[in-house]
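Comments concern the structure below.
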Amino acid sequence: MSNTYLDQLNDIQRQAVTTINGPVMVIAGPGSGKTRVLTYRIAHLIEQGVNPWNILALTFTNKAAREMKERINTTIGGGVGSSVWAGTFHSVFARILRYEAELIGYPANFTIYDTQDTKSVLSNIIRENNLEPKVYSVNGVRARISSCKYNLISPKAYTENNELIQEDHQRRQPHFQKIYKAYMARCRRAGAMDFDDLLYQMFILLHKNPNDVIKKYHHKFRYLLVDEFQDTNFLQYQIVRKLVNYTNSPHNVCIVGDDAQSIYAFRGATIENILNFQRDYKNAKIFKLEQNYRSTHHIVQAANEVILNNKRQIQKKIWTDKGKGEPIKILQTVTDTEEGKRVADMILEQKTRYHLQNKDIAILYRTNAQSRSFEEALRSHRIKYRVYGGLSFYQRKEIKDMLGYLRLIVNPNDEEALRRVINLPKRAIGKSTVDKVSKIADSNNVPMWMVIENIDSQGFSARATNSIKGFVKLIKKFQKQHVTKDAYELAKIAGTESGLLKMLGEDKTIEGMNRMENVQGLLDGIKIFVDSEPVAEEEDKSLATYLQSIALLTDQDTDDKSDDKVTLMSVHAAKGLEFPSVFVVGMEEDLFPSFMSKNTIDEMDEERRLFYVAITRAELYLTLSYSKSRYRFGQVRYNESSRFLEEISTENMDVSIPFSKSSGGSTRSSVSGAGIRKYGTPMRKAKTAPAASSDPSFKSTSATDLKVGQQIEHFRFGKGKIQSIEGAKGNEVLTVNFSGMEKRIMLKFAKLKV
DNA sequence: GAAGTGATGTTTTTT
DNA sequence: ACATCACTTC
């Protein structure tokens with residue numbers, strides 16, 4: 001062991017690493033060696049005598065945590081990296097909650113509901129309460145509940161808050177509070193926590209502090225590090241404060257982030273946290289990492305130019321000494337199919353010309369649905385690729401079905417699992433029977449399992465009673481073997497004796513065989529889990545531990561670096577990654593920036609930060625592409641190029657023809673011959689026609705029709721009062737107060753009722 | 001209760 | 001275009 005790692009750091013990085021006592025804030029621009037600082041800081045702590053198990057590092061993805069541990073191991077050796085508590089907020093808290101669950105009235109083997117489960121619970125509640133599903137959209141309600149949780153508003157507090165109740169009336173969702181309350185109650189009686197609960201309940205645990213449990217964690221986590229702090233929400237920050245603030249605390253907390261890369265506001269993240277941190281820890285040392293070690297000059301410059309269009313940000317200027325590099329290429333095509341082909345062509349050419357491998361190249365897009373044209377083109381070019389995101393393995397129907405049985409064995413109160421498998425394969429327990437069970441459960445506030453366990457004399461038909469008894473018997477039989485059999489054997493038994501495997505095996509269609517294969521893959525995965533050496537955080541090989549370990553996995557955690565494949569992913573998913581060559585595709589108005597984000601300045605700024613993240617993933621070569629037309633909603637739509645393209649000066653762009661020749665084969669898309677038109681600064685058509693809203697009474701409004709103090713109604717935010725009108729003609733910005741929530745709205749795009 | 005059929009809305013991003 | 005959902009018929 002030596003201090004040589006300190007020599008690998010620049011001055012500011014070194015200070016950020018060696019300032020180990022007291023609060024520290026590191027503002028780290030893209031490619032500025034943030035991960036290096038974090039890992040060396042931990043290594044340094046350990047070398048200074050801090051026990052690795054007294055360090056808690058909270059990251060944004062499992063992958064980041066894993067890599068951090070590995071890098072600590074390679075830096076100081078001895079495998080100490082594995083003893084550091086490093087993980088996502090969600091996974092670390094899930095682990096703690098598993099120990100402490102009973103203190104807050106949850107079973108230790110609580111289930112984690114994923115988004116699908118949550119939506120299903122909500123749609124049941126909405127249906128059973130005879131609420132209009134169009135008024136109470138599952139997605140909308142889910143988002144609002146989520147936002148309640150990360151603002152620490154309990155159902156009770158919600159009901160008591162007049163402003164919120166008012167707001168619901170204006171939003172024409174007066175029964176929202178009822179849904180929220182019912183949802184929380186159902187989760188609790190099912191012994192289930194959703195993703196937000198992992199944070200919310202963690203806060204409750206520390207706040208209510210039964211048995212003085214907080215002392216244990218104050219004692220345990222002496223040094224706290226938080227990565228990607230710009231993407232934490234209010235609740236996460238409150239938990240951090242709970243862990244750091246106590247009498248005589250040394251406030252050993254280090255946050256690392258970059259306000260310019262905050263891209264999760266839609267999920268409650270707030271840059272306010274960075275400002276609040278400075279306010280809450282006045283003696284915090286602040287280090288700004290501004291040297292970019294990743295990208296060449298043109299790319300860094302373009303990024304700076306783009307982000308300059310956002311008004312509110314922490315002042316910094318990213319620079320590089322990597323040399324000018326290649327200017328950014330712009331690719332214009334006529335159709336989305338052609339976009340796929342041209343990008344695939346360019347990939348082939350880059351591979352030869354620059355000696356790149358597939359894994360050096362990434363295609364980044366705004367929405368996952370865009371992957372298709374690229375997949376097809378890459379396949380026909382025989383280029384290996386891997387698509388990240390979208391539906392993950394564990395979210396596939398057949399996998400969730402199989403897991404349903406396993407979940408039920410561990411926690412029979414898990415109602416989503418129960419609903420999923422009670423009639424799968426068909427055992428004559430139909431929808432009306434399940435509804436009836438649910439009603440009885442609801443009115444007695446007991447889990448559905450308890451109702452079906454005691455199905456006699458509840459007024460069910462003899463046939464239904466019998467079927468249910470058979471099902472209960474089946475599950476109980478599995479449960480009995482929970483103690484004697486390991487997870488793999490149990491899963492195999494459940495799959496066979498439930499008839500699920502047989503049912504899947506009988507489907508001889510291609511998709512059916514695929515599903516069977518997936519379930520086999522799941523079983524193999526469980527086998528690997530059972531046979532593998534226990535990792536620090538897995539204290540046993542039980543089914544419960546297995547389920548917990550996969551609940552928070554994402555696609556990217558099954559990442560295989562050794563594979564030489566082109567990466568396809570959303571820009572969000574690309575955060576923290578870098579590639580020698582990057583294609584940012586679909587650079588069109590209404591796509592990137594998304595049409596969903598055109599309502600407010602804040603949303604548009606977030607889109608721009610997203611674009612900033614996208615271009616700063618590139619080390620050497622950056623290509624931005626857009627298509628003049630694209631299939632959307634099953635029909636062709638014509639697009640204008642993204643406004644973001646205009647924000648990059650021609651100095652940093654290749655203004656010549658971006659690519660020598662169109663690919664051979666295709667005739668269809670080159671009929672017009674416009675596909676390889678000469679390219680200058682992309683032009684946008686003069687007017688932007690706002691997409692027709694579903695409700696025609698909401699429409700674009702001219703500024704002359706509006707004045708300060710006027711009541712208006714926005715198609716999404718409801719009724720509000722105009723506070724001010726600013727900006728040049730045709731570009732007015734309204735500040736509108738929507739019952740306590742102030743929004744800045746771009747009149748150009750807004751759909752309003754006066 | 002099961003299976004088949006037509007209608008409808010749905011798409012931003014993710015732990 | 002696609003999937004989900006409500007509605008029909010057996």
Side-chain angles (χ1 to χ4, degrees), chain A residues 58-65 87-94 112-116 118-120 123 127 133-134 137-140 142-143 146 149-150 193-200 228 231-233 235-236 262-269 336 364-372 388-392 394-395 397 423-436 461 463-464 467 550-557 569-575 586 590-599 603-604 606-607 609-611 613-614 630-637 691 694:
Chain A
L58 296 170
T59 60
F60 205 69
T61 61
N62 295 304
K63 195 172 155 208
T88 60
F89 277 87
H90 291 86
S91 70
V92 168
F93 296 164
I112 297 175
Y113 274 176
D114 66 14
T115 312
Q116 266 181 62
T118 294
K119 285 185 182 174
S120 158
S123 78
R127 190 167 40 83
K134 271 183 195 146
S137 81
V138 169
N139 281 322
R142 196 200 63 81
S146 179
K149 285 187 184 166
Y150 56 63
M193 295 197 199
D194 65 18
F195 287 144
D196 297 318
D197 279 327
L198 294 175
L199 310 176
Y200 184 81
E228 310 279 14
D231 286 326
T232 55
N233 60 36
L235 172 53
Q236 286 168 316
S262 165
I263 54 175
Y264 283 94
F266 74 91
R267 164 178 133 178
D336 46 355
L364 309 181
Y365 33 75
R366 179 65 180 85
T367 66
N368 283 310
Q370 286 165 257
S371 71
R372 212 154 136 184
Y388 292 81
L391 204 58
S392 95
Y394 295 103
Q395 287 172 335
K397 181 178 182 307
N423 201 29
L424 196 102
K426 299 265 183 278
R427 31 177 94 86
I429 307 175
K431 205 159 150 261
S432 56
T433 306
V434 174
D435 271 357
K436 203 162 148 191
S461 70
R463 181 162 168 234
S467 307
I550 60 163
L552 297 166
L553 281 189
T554 61
D555 237 19
Q556 319 198 19
D557 298 313
M569 57 169 57
S570 71
V571 181
H572 279 92
K575 188 170 78 160
D590 289 343
L591 185 58
F592 199 179
S594 161
F595 67 99
M596 297 291 286
S597 303
K598 286 186 134 177
N599 285 300
E603 284 172 317
M604 186 57 75
E606 175 145 317
E607 293 286 315
R609 291 193 296 268
L610 194 57
F611 184 52
V613 168
R630 176 178 302 280
Y631 263 94
R632 252 175 134 187
F633 306 113
Q635 51 182 326
V636 183
R637 303 280 297 258
S694 47

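Quantities reported herein were computed from a predicted structural model and do not represent experimental measurements. Heavy-atom basis, side chains included; hydrogens, waters and symmetry copies ignored. Note on naming: letters A, B, ... go to the chains in the order of the sequence lines (proteins, then strands), and numbering restarts at 1 for each one.
What separates CZ of A:Arg127 from C1' of C:dC5 is a distance of 11 Å, to the nearest Å. Distance, A:Met596 CE to B:dT13 P: 10 Å, rounded to whole Å. The interatomic distance linking A:Tyr365 (OH) with B:dT11 (P) rounds to 18 Å, in whole Å. The interatomic distance linking A:Arg463 (CZ) with B:dA2 (C1') rounds to 10 Å, in whole Å. A:Tyr394 places its OH atom 14 Å from the P atom of B:dT15, with the value rounded to the nearest Å. Regarding A:Lys119, its NZ atom lies at a distance of 13 Å from the C1' atom of C:dA3, rounded to whole Å.
Distance from the side chain of A:Arg267 is smallest for B:dT14 among the nucleotides B:dT14, B:dT11, B:dA2. Of the candidate nucleotides B:dA2, B:dT15, B:dT14, B:dA2 has the atom nearest to the side chain of A:Asn423. Side chain of A:Thr367, nearest nucleotide from B:dT13, C:dC2, B:dA2: B:dT13.
B:dT11 and C:dA6: their P atoms are spaced 15 Å apart (whole Å). Straight-line distance between the P atoms of C:dT4 and B:dT13: roughly 16 Å, to the nearest whole Å.
Between A:Asp194 and A:Tyr200 there is no side-chain heavy-atom pair separated by less than 4.5 Å. With a 4.5 Å cut-off on side-chain heavy atoms, A:Arg630 and A:Val636 do not count as touching.
Note on A:Arg372: only backbone sugar-phosphate atoms sit closer than 4.0 angstrom, heavy atoms only; bases stay farther off. As judged by a 4.0 angstrom heavy-atom cut-off over every strand, A:Tyr264 is placed among residues touching the sugar-phosphate backbone only. Among the protein residues, A:Thr433 comes within range of the sugar-phosphate backbone only, with heavy atoms under 4.0 Å from sugar or phosphate atoms but none that close to a base. When heavy atoms are screened at a 4.0 angstrom cut-off, A:Asn368 is found touching the sugar-phosphate backbone but no base atom.
Although no hydrogens or angles enter the test, the distance criterion places no donor-acceptor pair under 3.5 Å between the side chain of A:Ser594 and the main chain of A:Asp590. Of the possible donor and acceptor atoms, none in the side chain of A:His90 sits under 3.5 Å from a partner among the backbone N and O of A:Leu198. A:Arg142 places no side-chain N or O within 3.5 Å of a backbone atom of A:Lys119 that could act as its donor or acceptor partner.
Using the six-membered ring where Trp is involved, A:His572 and A:Phe266 have ring planes that are perpendicular, over 60° apart on the 30 and 60° scheme.
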List, with names and distances, any nitrogen or oxygen atoms from the protein found under 3.5 Å away from nitrogen or oxygen atoms belonging to nucleotides 7-10 of chain B.
| unit_1 | atom_1 | unit_2 | atom_2 | d |
| --- | --- | --- | --- | --- |
| B:dG9 | OP1 | A:Lys134 | NZ | 3.3 |

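Take A:Ser91 and apply the side chain to side chain contact (heavy atoms under 4.5 Å, CB included) test, not counting sequence neighbours, and it matches A:Asn62, A:Thr88, A:Leu552.
Within the structure, every side-chain polar atom (N or O) of A:Thr115 is placed at least 4.0 Å from both OP1 and OP2 of B:dT14.
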